[in-house]
> 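Supplied in structure tokens, the structure appears directly below.
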Amino acid sequence: MSRRGRSGRRTSSAPRPDDTARWAPEYPAQGDVSAARRFLTTCANTGDPRPFGTYEIRRSEDGRTIGGVDFHGTPDENRSVTIGYGLIPSAQGKGYSSEALRALLAFARAHGVTSVEGDTDHGNTASQHVMAAVGMRLVAEDERLKNYKITWNGTTEVAEPKHQPHQAHLTRDQQLGASL
């Protein structure tokens with residue numbers, strides 16, 4: 001299945017085995033392997049979590065997978081989910097993470113999720129900027145991690161973006177490969 005998102009990005013079905021030739025050099029990164037393990041463990045323990053699974057981020061210019069964005073499981077009893085994302089080094093700093101996370105948040109909200117949480121290491125300022133740019137707020141931190149969250153109350157967003165995204169980030173060629 002394939003459709004165009006609000007920003008003109010193309011979303012498509014989950015990857016097929018013949019798609020491996022479409023991986024960018026450096027992919028999969030360690031985070032992608034961890035996400036795949038988490039997804040398979042979830043499937044084995046509780047069944048297929050779709051649509052709250054793992055998705056590829058693909059560049060539309062060449063169709064190559066450059067990273068991933070995922071839910072760490074299905075919504076809990078409060079309709080909250082935890083997310084993660086990552087890109088290969090050569091794709092970082094180009095707006096792909098912000099766009100993919102925006103799409104994932106919109107998808108979560110459209111599926112009844114009321115809050116989304118994510119965390120990052122203290123030294124990963126790029127990820128901190130991404131989460132802030134999409135409207136997530138720093139809600140807690142410990143000696144290792146900073147925790148971010150966005151909550152929706154009905155149709156009103158509780159956490160507003162600290163920074164408006166640059167228009168270039170909204171029009172950058174990117175594809176979120178997903179079974180949406």
> For P51 and H111, which heavy atoms make the closest approach, and how far apart are they?
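Between these two residues, the closest heavy atoms are CG-CD2, 3.9 Å.
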> So which atom in V134 and which in S98 form the shortest heavy-atom distance, rounded to 0.1 Å?
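Nearest heavy atoms, V134 then S98: CG1-O, 3.6 Å.
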> Between F71 and P49, is any pair of side-chain heavy atoms under 4.5 Å apart?
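They are not in contact (no side-chain heavy atoms under 4.5 Å apart), so the answer is no.
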> Please list, chain by chain and in numerical order, all residues satisfying salt bridge (Lys or Arg N to Asp or Glu O under 4.0 Å) with D121, sequence neighbours excluded.
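With neighbours one apart ignored, the set is R144.
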> Applying ring pair (Phe, Tyr, Trp, His ring centres under 6.0 Å), can you list everything that pairs with Y27, at least two apart in sequence or on another chain?
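Y27 satisfies ring pair (Phe, Tyr, Trp, His ring centres under 6.0 Å) with W23 only.
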> Taking only residues two or more places apart in sequence, or in another chain, which ones meet R38 in a salt bridge (Lys or Arg N to Asp or Glu O under 4.0 Å)?
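Per chain and number, R38 pairs via salt bridge (Lys or Arg N to Asp or Glu O under 4.0 Å) with D70.
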> Between OG1 of T54 and CD1 of I83, what distance do you get to the nearest 0.5 Å?
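These two atoms lie 12.0 Å from each other.
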> To the nearest 0.5 Å, tell me how far T151 OG1 sits from M136 CE.
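That separation rounds to 9.0 Å.
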> What pair of heavy atoms forms the shortest contact from E117 to S80, and how long is it?
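Closest approach of E117 to S80, heavy atoms only: OE2-OG, 3.6 Å.
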> Do you know the tightest heavy-atom contact between A91 and I66?
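What the structure gives for the nearest pair is CB-CD1, 3.8 Å.
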> Could you tell me which residues satisfy side chain to side chain contact (heavy atoms under 4.5 Å, CB included) with E26, sequence neighbours excluded, listed by chain and number?
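Here the qualifying residues are I88, P89, S90.
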> Is any side-chain heavy atom of P25 less than 4.5 Å from a side-chain heavy atom of R64?
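P25 vs R64: side chains touch.
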> Under the side chain to side chain donor-acceptor pair (under 3.5 Å) test, which residues partner D48, sequence neighbours left out?
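Once residues adjacent in sequence are excluded, the partners of D48 under the side chain to side chain donor-acceptor pair (under 3.5 Å) criterion are R50.
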> Run the side chain to side chain contact (heavy atoms under 4.5 Å, CB included) test against S127 and tell me which residues pass, sequence neighbours left out.
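With sequence neighbours excluded, S127 shows a side chain to side chain contact (heavy atoms under 4.5 Å, CB included) to Y85, T120, N124, M131, given in chain and number order.
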> If you compare all heavy atoms of A100 against all heavy atoms of I57, which two are closest, and at what distance to 0.1 Å?
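Minimum heavy-atom contact is CB-CD1, 3.5 Å.
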> Using the test side chain to side chain contact (heavy atoms under 4.5 Å, CB included), find all partners of P75 that sit at least two apart in sequence or belong to another chain.
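For P75, the residues satisfying side chain to side chain contact (heavy atoms under 4.5 Å, CB included) (neighbours in sequence not counted) are F52, R79, V81, V113.
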> Of all residues at least two apart in sequence or in a different chain, which pass the salt bridge (Lys or Arg N to Asp or Glu O under 4.0 Å) check with D142?
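Expected list: none.
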> How long is the straight-line distance from CD of Q128 back to CD of E141, given to the nearest 0.5 Å?
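E141 CD to Q128 CD: 8.5 Å, rounded to 0.5 Å.
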> With sequence neighbours excluded, tell me which residues meet side chain to side chain contact (heavy atoms under 4.5 Å, CB included) with T41.
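Checked T41 against side chain to side chain contact (heavy atoms under 4.5 Å, CB included); matches are N45.
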> Please go through L145's hydrophobic cluster and name the other residues, only I, L, V, M, F, W, Y counting, with side-chain heavy atoms under 4.5 Å joining them.
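Listed partners: none, L145 stands alone.
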> Can you tell if the side chain of W152 reaches within under 4.5 Å of the side chain of T114, non-hydrogen atoms only?
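Side chain of W152 against side chain of T114, heavy atoms only: no contact under 4.5 Å found.
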> Closest approach of L87 and Q92, non-hydrogen atoms and distance?
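Smallest interatomic distance, heavy atoms only, reads O-NE2, 3.0 Å.
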> Is there a chain of hydrophobic side chains (I, L, V, M, F, W, Y, each step under 4.5 Å between heavy atoms) that links L101 to F39?
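Different hydrophobic clusters.
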> Using the side chain to side chain donor-acceptor pair (under 3.5 Å) criterion, which residues pair with T74? Sequence neighbours excluded.
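With sequence neighbours excluded, T74 shows a side chain to side chain donor-acceptor pair (under 3.5 Å) to no residue whatsoever.
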